[in-house]
There are 2 protein chains.
Amino acid sequence: MNVDAQKPMTENRSEICLEQCFHPETVERVSGFMASREDLLAVAELFKALGDGSRMSILNALLCSELCVCDLTMILKMTQSAVSHQLRVLRGAKIVKSRKEGKNVYYSLDDPHIAMLIETGFEHVREERGGGDV
Amino acid sequence: MNVDAQKPMTENRSEICLEQCFHPETVERVSGFMASREDLLAVAELFKALGDGSRMSILNALLCSELCVCDLTMILKMTQSAVSHQLRVLRGAKIVKSRKEGKNVYYSLDDPHIAMLIETGFEHVREERGGGDV
DNA sequence: TTAACATATGAACAAAGGCTCATATGAATG
DNA sequence: CATTCATATGAGCCTTTGTTCATATGTTAA
């Protein structure tokens, strides 16, 4: 989470890479192609929220069924507090949504993209271990 | 990255959730559905590696073209050292691959899943900001 | 209202992560 | 071989993050 990048590039150039080393047109073209800083950060935040073992376990469970916090606590064998804290992160990232029913709060995946991301992730790591390439 | 969960659940049950609160069949069913701990951690690691602004910028650039470290340094206006460190993380996560040519090392996305993940991520955040739902 | 329970949250602490600086490695060139 | 340049890496520093513990909030039932 930096992407600051707003320092004068003139100075940068002299320290790091003398003018002959890089490919100016490529750099130009790719620079033009880059997503907005805002989008980049948003996507990074999304993946960061997916990038934790506990949260991935929660999501894996929610992939199967809507669940209340207590169920999750049982399934993941984690503290209720830890589960709640992680659900907060997931809620903040709009990865899960919640629904209140009496004393219970039921969580589920927020939208189909999320399920797709998670499933693609699993595919990727399984193939990687399995064969090497596809 | 915890997912330890190997403490005796008997004790857990009495502390956290008395027997009447949860849905035993659901818990049972979902527990059976869960991916292996190994896969969960691998996926979490994958997303964690994607979950950083600097790395997402690198990947966004690589989505467009194969690039050497120096090009990336220019495009992202980051230190060469910082870029190299992040490329190491990406390499370790098998998200990018590298190819050496003379003094330069060229990086590119490792496989199509990666591009798909990133693009789905962008779609998600754009739709989220744009409309609210699809 | 009081008690019991499900969930949320704040503080504190330990661990992980990203950046910079300095330096190492390894290739090309004189 | 010595130099130069592209890239990689280790150490140190500071920030972020995940967990636990204690407690707050809010809902249902007695």
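Sequence lines set the chain letters: A, B, ... in the order given, protein chains first and strands last, and positions in each chain run from 1.
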Comparing nearest nucleotides in DNA chain D, the 5'-proximal residue of the pair B:V105, A:R55 is B:V105

Across all chains, not counting sequence neighbours, the side chain to side chain contact (heavy atoms under 4.5 Å, CB included) partners of A:D110 are A:K97

note: A:M78, atom CE; C:dT7, atom P; distance rounded to Å ~ 14 Å

For nucleotides 21-30 of chain C, 5' to 3', base contacts (B), sugar-phosphate-only contacts (S) and non-contacts (-) with protein non-hydrogen atoms under 4.0 Å give BB----SS--

When rounded to the nearest 0.5 Å, the distance separating CG of A:L90 from CZ of A:R55 is 6.0 Å

Taken to the nearest whole Å, CG/A:N104 to P/D:dA29 is 12 Å

Taking any heavy-atom pair under 4.0 Å as a contact, classify B:Y106: base, sugar-phosphate, or nothing.
nothing

Report yes if the side chains of A:L117 and A:L46 come closer than 4.5 Å at any heavy-atom pair, otherwise no.
yes

> Within the structure, does a side-chain N or O atom of B:Q86 lie under 4.0 Å from either OP1 or OP2 of C:dC19?
Replying inline: yes

Sorted by chain and residue number, the side-chain hydrogen bond (donor to acceptor under 3.5 Å, both in side chains) partners of B:E101 (sequence neighbours excluded) come out as B:R99

Atom CG of B:D52 and atom P of C:dA16 are separated, to the nearest Å, by 17 Å

Here the distance between atom P of D:dT19 and atom CG of A:L87, to the nearest Å, is 11 Å

**Report entry** Any A:K48 side-chain nitrogen or oxygen under 4.0 Å from OP1 or OP2 of D:dT16
**Finding:** no

Handout entry: Audit row: A:I58, A:S54, side chain to side chain contact (heavy atoms under 4.5 Å, CB included) steps and yes/no
Key = CA-CA 6 Å; A:I58 291 176; A:S54 303; 5.5 Å; no

According to the interplanar angle, ranging from 0 to 90°, do the rings of B:F47 and A:F47 count as parallel (below 30°), tilted (30 to 60°) or perpendicular (above 60°)?
parallel

| query | Does A:E123 CD have over 12 foreign heavy atoms under 6.0 Å away? | reply | yes

Assert: residue with more 5' nearest nucleotide on DNA chain D, out of A:V89 and B:V69, is B:V69

To the nearest angstrom, the CD-C1' distance between A:E45 and D:dT17 comes to 12 Å

From CG of A:L90 across to C1' of C:dT7 the rounded distance in Å is 15 Å

Is the phosphate of C:dT7, meaning OP1 or OP2, less than 4.0 Å from a side-chain N or O of A:R88? no

In whole angstroms, the gap separating P of D:dT17 from CG of A:L50 amounts to 14 Å

